[in-house]
Each structure stands twice: as C-alpha cells, then as structure tokens.
Amino acid sequence: MASVGGLTRRRGAGGGGGASATIAEDGEDASRVSSPAPKAYNDRAPETSYTGGENGHKIAFDPRDISESEERSKQPKLTLMEEILLMGLKDKQGYLSFWNDNISYALRGCIVIELAFRGRVSMQKDSSRRRFPLTDRVIEVIDDNLTGEVLLDEALKMMKSSEKMSVSSWIDLMSGETWNLMKIGYQLKQVRERLAKGLVDKGILRTEKRNFLLFDMATHPVADGGAKDEIRRRVRNVLTNRTVVLPPSQFLPEDMEFRYIRTIAMVCAAYAANVLENALATLGHEARERAFAQVDELLAEYSQWPFGKRTGGAQGIGANLGQVITDEVNKNKDRELQLEVVAACLSVFTRLDSLL
C-alpha cells in the first residue's frame with residue numbers, strides 16, 4: 001500500500017524520463033496471472049425503443065445512448081483524470097516520466113472524485129460515520145446510470161456489485177495496492193493508456209510509434225495544444241492570483257456545478273501526481289516556490305470536511321476562494337455527502353508518499 005507520511009514533492013518528475021518512460025502502468029504485465037474479476041455487475045438488458053420516421057417507418061435506438069449524450073453535454077470536455085494525464089505528458093514525445101511513481105495512485109483517486117462530482121457516489125448517510133477518520137468512511141453508489149466514460153463506468157459497476165468500502169480502500173484496490181488475492185481483480189488495468197486513447201478520440205492527442213532501440217512503443221503527442229494551455233492557465237490562476245476568477249470554457253462550462261471546487265481538486269491531484277511542476281514551468285523560481293506553498297495550504301484546507309476556512313494565507317493569494325466555495329456548497333446543500341467524498345480523496349492525497 002501507499003506509505004503514510006508527508007507528501008513527497010519530486011518536482012520535475014512529470015517532465016523527466018528517457019527511453020523507458022512509457023504510458024503503460026507499472027505492474028500491469030499481461031503475463032501476470034490475476035484472480036478472477038469480481039462478480040459481474042447486473043447490467044440492465046439493452047432496451048430498444050422506436051421513433052416515427054418518414055413514410056411511416058420506425059427508427060430503432062437504444063435509450064441509453066440518449067442518456068449518455070445528455071450526460072456528456074452537462075460535463076466538461078475532459079475528466080479530472082484526463083487533465084492530470086495531459087499535464088504530465090511531454091508535448092512532443094507523448095509519454096510520461098518513468099520516475100513518476102505517484103501518478104497511477106492519484107489517477108484512481110481522481111476516478112472516485114469524478115464519480116462524486118457527477119452524483120454517482122456519496123458517503124453512506126449514517127451519523128455514526130463521523131466517529132471514523134474521513135478516509136475510512138464508507139461510500140456507496142447512489143446513481144448507477146452510466147456516465148459514457150469507460151473508466152468511470154467500469155469503476156461504478158465494481159462499486160455497485162461489491163460490498164461497501166471506504167474511500168481509501170477503493171483507491172488502494174483500484175491501484176492494485178492490496179495483499180488480498182481475493183480482491184486483486186478490482187485493479188483497473190492500463191488506466192494511462194486508456195485515458196490517452198480517450199484523449200486521442202477527443203482530438204487532444206494523436207498516436208505515433210517511437211522506436212526505443214529494442215522495441216517500438218505507441219506514444220501520444222499533443223495534437224491540440226489549446227486544451228493543455230487552458231489547464232496551465234487555470235492552475236496558475238489559482239496558485240498565483242490574489243483574486244481567482246475562472247473564465248468559462250468548454251473545459252469548465254459557466255453553468256456547471258462546483259467549478260471552483262473542481263478546479264481545486266484538479267490542482268491538488270496534480271500536486272499529488274507529481275505533474276504540477278509542468279504547469280508552473282514558465283514561472284520564475286520564487287513564483288514557483290510561492291505557488292507550491294499555496295497548493296500546500298489548499299490541500300490542507302480542502303482535505304477536511306467541512307472545508308477549512310480560507311483566508312488567503314500570508315501571501316493573500318486566492319483570498320476570495322473561501323467565499324466562492326462557501327457559496328457553491330450552500331447552493332448544493334443536498335450534495336454535501338458527495339463533497340465529503342471529494343474531501344476524503346484529497347485527504348488520501350495528503351498521505352501519498354510513494355508507490356513502489
């Protein structure tokens with residue numbers, strides 16, 4: 001399991017690496033024998049509906065396709081996992097650093113956060129849960145409708161079909177960080193590669209083959225730099241400006257819920273994944289140091305529930321965030337159990353040291 005301790009800040013880990021730096025997960029060798037996957041989730045049988053067409057002909061369609069399209073229209077173009085992966089990828093080479101041990105674990109945490117933001121999972125509604133640490137509180141599926149994102153739906157099905165477990169347990173299991181052979185089937189495989197292929201489908205990355213002396217490897221260089229530039233601007237906005245204002249975009253629509261909480265979760269996840277340095281590369285040394293100090297404060301304040309009081313710290317950076325986020329929480333009082341899941345995941349990130 002991930003060791004407990006202070007968060008290791010290996011700055012530059014997202015940008016280094018050599019011929020052995022790949023997108024493939026450590027420990028995901030296809031030759032390894034794993035235990036049987038958990039019992040299959042009982043998918044609803046495909047239903048066929050018909051709508052009237054021209055000349056009296058009926059047109060068949062699957063209603064689930066319609067619901068998934070509606071889901072996508074309400075969400076930003078990129079998931080949290082995709083934003084973290086994109087931040088860590090080398091623009092031209094199209095692969096991640098070999099030395100980055102934390103990103104796999106952080107990506108699984110982002111899956112849980114994304115499911116909470118989308119209203120699929122929440123803390124179990126039990127007043128006695130407050131006796132337990134935030135990361136040990138049990139989460140449950142409250143909406144099993146598919147999201148249209150393959151990794152999210154795979155995780156959702158596992159959570160629905162299994163016993164209820166805590167936030168930290170789910171992140172550990174999906175990362176393969178368990179000694180329980182009966183539960184190793186919960187590990188999500190090839191997450192980085194699948195996320196990269198999803199970004200190819202969305203037109204953000206492209207696929208190339210690179211030769212690394214003894215073997216060829218598929219890489220995914222950036223095809224549309226606008227997405228990555230927008231993420232970098234958003235990160236610098238939160239970590240360097242006294243007043244944080246997030247302009248609307250396809251990556252953060254103006255009418256979406258939790259715009260600021262989601263952005264803070266993304267920044268903290270990037271920090272935990274050791275890819276935040278890539279978004280701050282254009283800053284001077286002192287400015288980078290202030291930005292890292294700021295994310296330390298954000299992680300401390302938003303890894304607890306209710307969220308900690310925000311004053312902007314000694315530097316006065318993001319002094320308006322406390323009020324803005326209080327407003328987001330107050331507008332969504334019925335979603336507090338889902339925000340508690342987000343806080344629990346950020347709490348896991350504060351303990352993330354390294355994965356071997």
Side-chain angles (χ1 to χ4, degrees), residues 1-5 24-30 32-43 79-81 84-85 100-118 120-124 129 132-144 146-147 149-195 265 269 272-273 303 337-338 340-356:
M1 288 182 60
S3 60
V4 178
E25 307 283 350
D26 292 339
E28 292 184 354
D29 188 344
R32 187 179 64 182
V33 178
S34 62
S35 65
K39 61 181 180 180
Y41 172 65
N42 184 24
D43 278 325
T79 64
L80 283 173
M81 305 86 72
I84 300 304
L85 182 78
N100 192 336
D101 296 328
N102 287 7
I103 191 169
S104 293
Y105 199 82
L107 288 174
R108 271 67 169 195
C110 287
I111 290 174
V112 180
I113 294 175
E114 189 73 51
L115 287 172
F117 277 136
R118 295 184 182 223
R120 298 308 197 270
V121 301
S122 74
M123 285 292 182
Q124 193 169 36
R129 74 182 186 278
F132 301 97
L134 195 58
T135 58
D136 293 337
R137 296 176 190 176
V138 173
I139 62 176
E140 62 181 354
V141 174
I142 57 174
D143 182 357
D144 60 3
L146 299 181
T147 66
E149 297 286 347
V150 176
L151 279 171
L152 293 181
D153 291 338
E154 185 176 335
L156 185 65
K157 291 175 184 179
M158 288 196 301
M159 291 180 179
K160 180 67 176 179
S161 64
S162 83
E163 61 184 293
K164 293 181 175 65
M165 291 183 282
S166 68
V167 168
S168 58
S169 294
W170 272 117
I171 298 176
D172 285 343
L173 290 176
M174 290 192 293
S175 302
E177 297 294 310
T178 176
W179 295 104
N180 188 340
L181 295 179
M182 297 298 293
K183 292 186 175 181
I184 200 167
Y186 287 103
Q187 182 182 6
L188 291 179
K189 305 287 186 68
Q190 300 292 336
V191 167
R192 303 183 205 180
E193 181 66 22
R194 291 160 71 185
L195 287 173
S303 60
L337 289 174
Q338 291 147 51
E340 191 172 332
V341 174
V342 175
C345 290
L346 298 186
S347 183
V348 172
F349 290 162
T350 65
R351 305 185 315 180
L352 181 59
D353 184 34
S354 66
L355 290 177
L356 301 179

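The line from CG of Leu337 to CZ of Arg137 is 10.0 Å long, rounded to the nearest 0.5 Å. Going from atom OG1 of Thr147 over to atom CZ of Arg118 covers 5.5 Å, rounded to the nearest 0.5 Å. Note that SG of Cys345 and CG of Leu134 are 9.0 Å apart. Values are rounded to the nearest 0.5 Å. The line from CH2 of Trp170 to CG of Leu115 is 10.5 Å long, rounded to the nearest 0.5 Å. Between Leu107 atom CG and Ile171 atom CD1 the span is 11.0 Å, to the nearest 0.5 Å. If you take CG on Leu85 and CE on Met81, they are separated by 10.0 Å, rounding to the nearest 0.5 Å.
Test Asp144, Leu146, Leu152 against Lys157 for side chain to side chain contact (heavy atoms under 4.5 Å, CB included) and you get one pass: Leu146. With Cys110 as reference, Leu80 is the one residue of Leu80, Ile103, Leu195, Leu151 to meet the side chain to side chain contact (heavy atoms under 4.5 Å, CB included) rule. Applying side chain to side chain contact (heavy atoms under 4.5 Å, CB included) to Met174 and the options Gln187, Lys189, Met158 leaves one that passes, Met158.
Applying the side-chain hydrogen bond (donor to acceptor under 3.5 Å, both in side chains) rule to Ser169 yields the partners Ser166; only residues at least two apart in sequence or on another chain are considered. Legend: residues meeting side-chain hydrogen bond (donor to acceptor under 3.5 Å, both in side chains) with Gln338, ordered by chain and number and at least two apart, are Arg335. Scored by the side-chain hydrogen bond (donor to acceptor under 3.5 Å, both in side chains) test, Glu154 finds Arg194 as partners (sequence neighbours excluded). Residues satisfying the side-chain hydrogen bond (donor to acceptor under 3.5 Å, both in side chains) test with Asp143, not counting sequence neighbours, are Asn145.
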For salt bridge (Lys or Arg N to Asp or Glu O under 4.0 Å), just list the numbers for Glu340 and Arg129, CA-CA rounded to whole Å, side-chain angles, deciding distance to a tenth of an Å, and then say yes or no.
CA-CA 11 Å; Glu340 191 172 332; Arg129 74 182 186 278; 3.0 Å; yes
In sequence, state the C-alpha distance, the side-chain angles, and the governing distance for Ser104 and Arg192, and then conclude on side chain to side chain donor-acceptor pair (under 3.5 Å).
CA-CA 8 Å; Ser104 293; Arg192 303 183 205 180; 2.6 Å; yes
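Side-chain contact between Glu140 and Met159 is absent, with no heavy atoms from C-beta onward closer than 4.5 Å. The shortest side-chain heavy-atom distance between Ile113 and Leu346 falls under the 4.5 Å cut-off. Two residues are said to be in side-chain contact when any heavy atoms from C-beta on lie closer than 4.5 Å; Val138 and Met123 fail this criterion. Put simply, the side chain of Arg120 does not reach to within 4.5 Å of the side chain of Lys160, judged on heavy atoms.
The two residues Thr135 and Ala344 make their nearest non-hydrogen contact at CG2-O, 3.5 Å. What you find for Ile111 and Ala155 is that their closest heavy atoms are CG2-CB, 3.7 Å. Among all heavy-atom pairs drawn from Arg108 and Leu188, the shortest one is NH2-O, 2.6 Å. A pairwise comparison of heavy atoms in Tyr105 and Ser168 identifies OH-O, 4.3 Å as the closest pair. A pairwise comparison of heavy atoms in Phe349 and Ala106 identifies CZ-O, 3.7 Å as the closest pair. Taking every heavy atom of both residues into account, Lys164 and Ile139 meet most closely at CB-O, 3.9 Å.
Side chain of Ser175 to main chain of Glu177: no donor-acceptor pair is present (N/O by atom type, distance under 3.5 Å, no hydrogens or angles).
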